[in-house]
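Everything numeric in this text was worked out from a predicted model, so none of it was measured.
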Amino acid sequence: MTYLDDTSSAKTSSVQLSPIAVSIYGSALERGRISEADQPELLEELRATPAEVELGLAVLRELRLLTPAPDDPGALTPASPDSAAAQLVTPIKQEIAGLEQLASDLESQVLSLKSLYFESRQRRNRREAVDVIDGAGRVRSLLGEAFRRCSVEVFGAHPGVISEQELEGALPEQLALLARGVRLRLLFQHPVRTSARRRELLERLTRAGGRIRTCEEIADRILVLDRETAFIPSCSGPDGAVVLREPSTVDFLYRSLEQAWSAALPFEPDGPASPDGPGTPRCGIAGEEIKRAILRMLAAGAKDDLISRRLSISVRTCRRHIAEMMDELDVSSRFQAGVKAIEAGLIRRSTAPGDGAPQEAAC
């Protein structure tokens, strides 16, 4: 009969007590020890094969439940479960404690320089609580940490047409925030409604408790967390960000977002179907807002590329909308379309000095 010794390559973490091993341990407790001579009796008592008994003994030896007898190295004596557990678990606990201490020491050493870092940055920028982060990796890392610490609300706006991949990649983290009870409000431009896949992802988010609205234009990307920290793009490069923590600045950005939010249209799951029939992207009233925005810009003399860029739609889609509206208004030029829309009360010209862009008529 052979046993696993202390230098065995078997991994204790993968060892599992089988019913036969438990029965062998019980027999060892009754006998006081188990030796080679007891094998035939064990086989008959347990109705097991030699291989099964051999494996059971090996497992018990590995778990320190059977140990070599002091007076007979060929025999095994049962050990108490407390003693066996102490032998197995104590080294692991010591290793964990050592790693925790190491992590604590490293964190203390690094964070001890935090005040020096902020003092130096404040002197350099002559501003309080402003951090310029370069590199997409560092920005993602800082954002991830900020999301983990967020406890009240994430409020953000995203210009342009956000890609399906970006929406899908952000979804798990956003769902995790909602699951923790963090309020989530996101503002996009109207064209986000035109993709079936984007709608599907946004609907999943709204059903989990997220709130989404869309509007005509968004100046730039912004995230405000717990009304205490704001992330905005950095002018130093497309992958950078500026982190703001100064209360007055963050509050100003938050109130600006609130203003845009109040004028935006709610995104509702299972919204009204498109008039163009099944399978066509649904925009509902948002589509009408896009058309009114186009009319305003036409009346101001804007070109197709400028209109499409500001509304985050393709030039082709912009021209299709223009053609449809010209047909509805029965005009032969785009400028006439804008003027006739003003005359019809669909939009009105702004009274702000120096602003030639027309606006919608007040309700």
- [ ] Before accepting this row, confirm whether a basic side-chain N of the pair E173/R140 lies closer than 4.0 Å to the acidic partner's carboxylate O.
- [x] no

- [ ] Using modelled atom types only, decide if a donor and an acceptor are shared between the side chain of R138 and the backbone of I133 within a distance under 3.5 Å.
- [x] no

Open item on the list: If hydrophobic clusters are built by linking Ile, Leu, Val, Met, Phe, Trp and Tyr wherever their side-chain heavy atoms come under 4.5 Å apart, do I222 and V250 end up in the same one?
Closed with: yes

Task: salt bridge (Lys or Arg N to Asp or Glu O under 4.0 Å) evaluation trace for R227 with E258 - done: CA-CA 11 Å; R227 205 166 182 173; E258 280 282 15; 5.9 Å; no

- [ ] Would you kindly say whether Q101 and D105 are connected by a side-chain donor-acceptor distance under 3.5 Å?
- [x] yes

Task: Min side-chain heavy-atom separation E52-L55 under 4.5 Å - done: no

Task: V154 reachable from V242 in the ILVMFWY side-chain graph, under 4.5 Å edges - done: no

TODO: Report whether Y254 and L186 are members of the same hydrophobic cluster (ILVMFWY, side-chain heavy atoms less than 4.5 Å apart, transitive linking).
DONE: no

Open item on the list: Any heavy-atom pair between the side chains of R198 and F188 that's under 4.5 Å?
Closed with: no

Open item on the list: Could you tell me if the side chain of R245 sits less than 4.5 Å from the side chain of D131, heavy atoms only?
Closed with: yes

Task: Sub-4.5 Å side-chain heavy-atom contact between R61 and P68 - done: yes

Task: Path from I162 to I212 over hydrophobic side-chain contacts below 4.5 Å - done: yes

Open item on the list: Measuring only between side-chain heavy atoms, which start at C-beta, is F267 closer than 4.5 Å to V192?
Closed with: no

Open item on the list: For the backbone of E100 and the side chain of S104, can you confirm whether one donor and one acceptor N or O come within less than 3.5 Å of each other?
Closed with: no

Task: Flag side-chain contact, heavy atom, 4.5 Å: S18 against Q16 - done: no

- [ ] Check whether any side-chain N or O of Q189 sits under 3.5 Å from a backbone N or O of E216 as a donor-acceptor pair, and report yes or no.
- [x] yes

Open item on the list: Under 4.0 Å between a side-chain nitrogen and a carboxylate oxygen: does that hold for R204 and E200?
Closed with: no

TODO: With the side chain counted from C-beta on, respond yes when V59 and L63 share a heavy-atom pair under 4.5 Å apart, and no when they do not.
DONE: yes

TODO: With R197 as reference, evaluate E168, E166, E164 under the salt bridge (Lys or Arg N to Asp or Glu O under 4.0 Å) test and give the passing residue.
DONE: E168

Task: T90 side chain to A86 backbone, donor-acceptor under 3.5 Å - done: yes

Task: Main-chain N/O of L202 paired with T206 side-chain donor or acceptor, under 3.5 Å - done: yes

Task: Single-linkage hydrophobic cluster, 4.5 Å side-chain cutoff, L257 and L143 together - done: no

TODO: Could you tell me whether the side chain of D226 and the main chain of V152 form a donor-acceptor pair under 3.5 Å?
DONE: yes

- [ ] Report the hydrophobic cluster partners of V110, with the cluster defined as I, L, V, M, F, W, Y residues connected by side-chain heavy atoms closer than 4.5 angstrom, directly or transitively.
- [x] none

Task: Whether R33 side chain and R31 backbone form a donor-acceptor pair below 3.5 Å - done: no

Open item on the list: For a 4.5 angstrom cut-off between non-hydrogen side-chain atoms, does F147 reach L223?
Closed with: yes

TODO: Please lay out, stage by stage, how L265 and H190 fare under the test side-chain contact (heavy atoms from CB on, under 4.5 Å).
DONE: CA-CA 9 Å; L265 295 176; H190 290 320; 3.8 Å; yes

